[in-house]
Amino acid sequence: MQQLINNLLKYHNHLKFTFYHFPPSTCSWRVRCALYFYQFYPNLINNLDNNNTFQIEHDKNYSTIFSNNNNNNFNLNIEFKNISLIKKENEFENYLKINETKQVPSLVISTTSIHGNNQNNENQILFKGTQSLPLIEFLNDLSLQLNTHLNNNQQQLNNNLNNKSLIPKDNLLKYKSLQISEIINSGIQPLQNIKCLRYLKKNNCNEMEWSEMWIRNGLQQIESILLLENNNKYGNNKSVGNEWTIADICLIPQIEATMSRTRINVEKEFPNIFKLYNELKDEPIFKYTHQNVFK
């Protein structure tokens with residue numbers, strides 16, 4: 001991992017992120033949230049349209065600036081590529097070269113220009129990764145390392161990094177945030193995705209009842225966790241504690257998908273989850289990464 005990070009740091013002013021995703025996919029959404037959180041996302045001000053709304057076009061290069069609290073920064077490019085699961089574009093040969101599991105999302109980091117006299121460095125692929133939770137953890141580590149690279153004052157650096165991580169430093173908070181994330185990532189999402197529902201339909205099963213059963217099972221566990229947190233009177237305004245964590249960017253997309261694609265009444269059945277969803281759903285981290293911003 002360190003060798004990979006060192007490679008990325010070597011070309012840190014010439015990096016291009018190519019993010020392959022299906023905008024309605026909750027797995028894709030949670031990684032878009034991480035890209036936004038860690039500042040690997042298109043500059044929002046420059047991309048507002050005439051109606052002051054944020055729109056991102058697929059297959060277009062956007063520039064963004066990664067910076068830390070000391071105003072040290074560098075430029076990078078990011079491009080979003082739509083891989084439609086409905087059209088089965090995830091099974092196309094060109095995408096299988098990126099992700100042979102036929103899943104979304106995928107992230108490729110490459111160089112964008114020639115460095116020195118070595119012509120082979122042009123468009124060199126430095127990283128190719130899949131699976132949403134490992135990608136989020138990778139972006140977390142990359143962000144911390146880039147901050148280290150941009151900041152020479154170790155004491156001041158530590159203060160900066162404590163405020164810029166979706167993975168809590170506190171071991172208990174880290175456990176709780178990963179617990180919620182894995183309930184969604186392992187216990188809900190794989191059992192209600194398009195591939196699974198297609199199989200059920202092909203075998204004359206009721207795919208709606210199937211998905212609702214597994215969604216309810218997972219949300220009941222999360223509801224109990226949030227209820228315990230509230231009863232302990234921690235005064236939390238996020239899923240775990242008062243800071244953004246990986247749990248938030250897994251939970252909100254899942255709840256929106258549940259409310260729009262199933263008959264589950266989240267407000268009635270899971271009041272603590274619904275309250276948190278209502279409080280967080282309009283935050284910029286979700287607003288600017290929502291499927292609706294993609295043309």
Side-chain angles (χ1 to χ4, degrees), residues 4 15-36 40-42 55-62 77-112 123-139 181-215 218 249-250 253-254 256-258 260-262 289-295:
L4 170 61
L15 293 180
K16 178 181 178 181
F17 286 43
T18 306
F19 187 61
Y20 299 81
H21 70 144
F22 181 47
S25 156
T26 57
C27 293
S28 297
W29 192 0
R30 65 180 75 138
V31 180
R32 292 196 301 267
C33 289
L35 288 167
Y36 174 89
F40 302 126
Y41 207 70
Q55 290 285 305
I56 295 177
E57 296 181 34
H58 284 108
D59 304 318
K60 178 179 178 181
N61 279 324
Y62 289 89
N77 293 318
I78 185 167
E79 178 181 5
F80 293 86
K81 289 189 173 292
N82 184 8
I83 304 298
S84 173
L85 302 184
I86 303 298
K87 299 177 182 178
K88 296 187 177 181
E89 291 177 348
N90 54 311
E91 299 179 11
F92 289 5
E93 183 178 354
N94 59 344
Y95 185 63
L96 292 179
K97 294 177 182 179
I98 302 298
N99 188 339
E100 60 186 19
T101 69
K102 306 177 184 179
Q103 298 174 341
V104 292
S106 301
L107 176 66
V108 174
I109 304 178
S110 58
T111 58
T112 58
N123 299 324
Q124 177 186 355
I125 292 179
L126 303 176
F127 172 81
K128 184 165 61 175
T130 66
Q131 301 299 322
S132 61
L133 294 197
L135 282 176
I136 292 168
E137 292 199 54
F138 169 77
L139 291 172
S181 301
E182 278 299 341
I183 290 172
I184 296 167
N185 187 59
S186 302
I188 297 179
Q189 195 280 327
L191 298 163
Q192 48 113 69
N193 65 19
I194 291 177
K195 182 179 180 180
C196 181
L197 297 183
R198 279 180 178 150
Y199 178 85
L200 292 168
K201 186 175 183 178
K202 181 180 178 181
N203 288 274
N204 299 317
C205 299
N206 190 319
E207 60 265 34
M208 179 65 77
E209 289 185 1
W210 167 273
S211 60
E212 288 178 347
M213 175 183 70
W214 292 110
I215 291 171
I249 65 173
C250 287
Q254 178 60 54
E256 176 144 331
T258 298
S260 62
R261 303 174 194 172
T262 75
T289 59
H290 193 276
Q291 61 174 312
N292 290 343
V293 309
F294 292 91
K295 293 183 178 179

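Listed for the S211 side chain is a donor-acceptor partner under 3.5 Å among the backbone atoms of M208. With Q291 contributing its side chain and P23 its backbone, the two residues share no donor-acceptor pair below 3.5 Å. Not a single donor-acceptor pair under 3.5 Å links the side chain of T289 to the backbone N or O of W29.
Just one residue in the list S132, P190, C250 forms a side-chain contact (heavy atoms from CB on, under 4.5 Å) with N185, and that residue is S132. If you run side chain to side chain donor-acceptor pair (under 3.5 Å) between S106 and each of T130, T101, N99, only N99 comes through.
Using cut-offs of 30° and 60° for the angle between ring planes, the F80 and H21 rings count as tilted. Ring geometry, Y95 versus Y20: the interplanar angle falls from 30° to 60°, so the pair is classed tilted.
The two residues K97 and K128 come nearest to each other via the heavy atoms O-NZ, 3.1 Å. Residues N292 and Q55 approach most closely at O-NE2, 3.6 Å, considering heavy atoms. Smallest separation of non-hydrogen atoms from L96 and N90: CD2-O, 3.7 Å. Across every non-hydrogen atom of L197 and Q192, the tightest pair is CD1-O, 3.7 Å. Residues Q189 and T26 share a closest heavy-atom pair of CG-OG1, 3.6 Å.
Taking OG1 of T18 as the start and CD1 of I125 as the end, the distance is 8.5 Å to the nearest 0.5 Å. Atom CD of E207 sits about 11.5 Å away from atom CZ of R198, to the nearest 0.5 Å. In this structure, CG on L135 lies 10.5 Å from SG on C27, to the nearest 0.5 angstrom. Atoms CG and CG, on N193 and L85 in that order, are 8.5 Å from each other to the nearest 0.5 Å. From F19, atom CZ reaches atom CD1 of I78 across 8.0 Å, with rounding to the nearest 0.5 Å. Of the inter-residue distances, the one linking I194 atom CD1 with K88 atom NZ reads 10.5 Å to the nearest 0.5 angstrom.
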* K102 and K195: CA distance, side-chain angles, deciding distance, side-chain contact (heavy atoms from CB on, under 4.5 Å) verdict -> CA-CA 10 Å; K102 306 177 184 179; K195 182 179 180 180; over 6 Å; no
* Dump the intermediate steps for side-chain contact (heavy atoms from CB on, under 4.5 Å) on F22 and I86, then the final yes or no. => CA-CA 9 Å; F22 181 47; I86 303 298; 3.7 Å; yes
* Decide side-chain contact (heavy atoms from CB on, under 4.5 Å) for F294 and N82; before the verdict, give the C-alpha distance in whole Å, the side-chain angles of both, and the deciding distance to 0.1 Å. => CA-CA 9 Å; F294 292 91; N82 184 8; over 6 Å; no
* List the steps, then state whether side-chain contact (heavy atoms from CB on, under 4.5 Å) holds for I215 with Q254. => CA-CA 9 Å; I215 291 171; Q254 178 60 54; 4.3 Å; yes
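Considering only heavy atoms from C-beta on, P24 comes within 4.5 Å of R261 through its side chain. The side-chain heavy atoms of F17 and L139, taken from C-beta on, include a pair separated by under 4.5 Å. Here the side chains of K16 and N61 are in contact, with some heavy-atom distance below 4.5 Å.
A ring-centre distance under 6.0 Å is found for F127 and F138.
Counting non-hydrogen atoms of neighbouring residues, nucleotides and ligands closer than 6.0 angstrom, the NZ atom of K81 exceeds 12 such neighbours.
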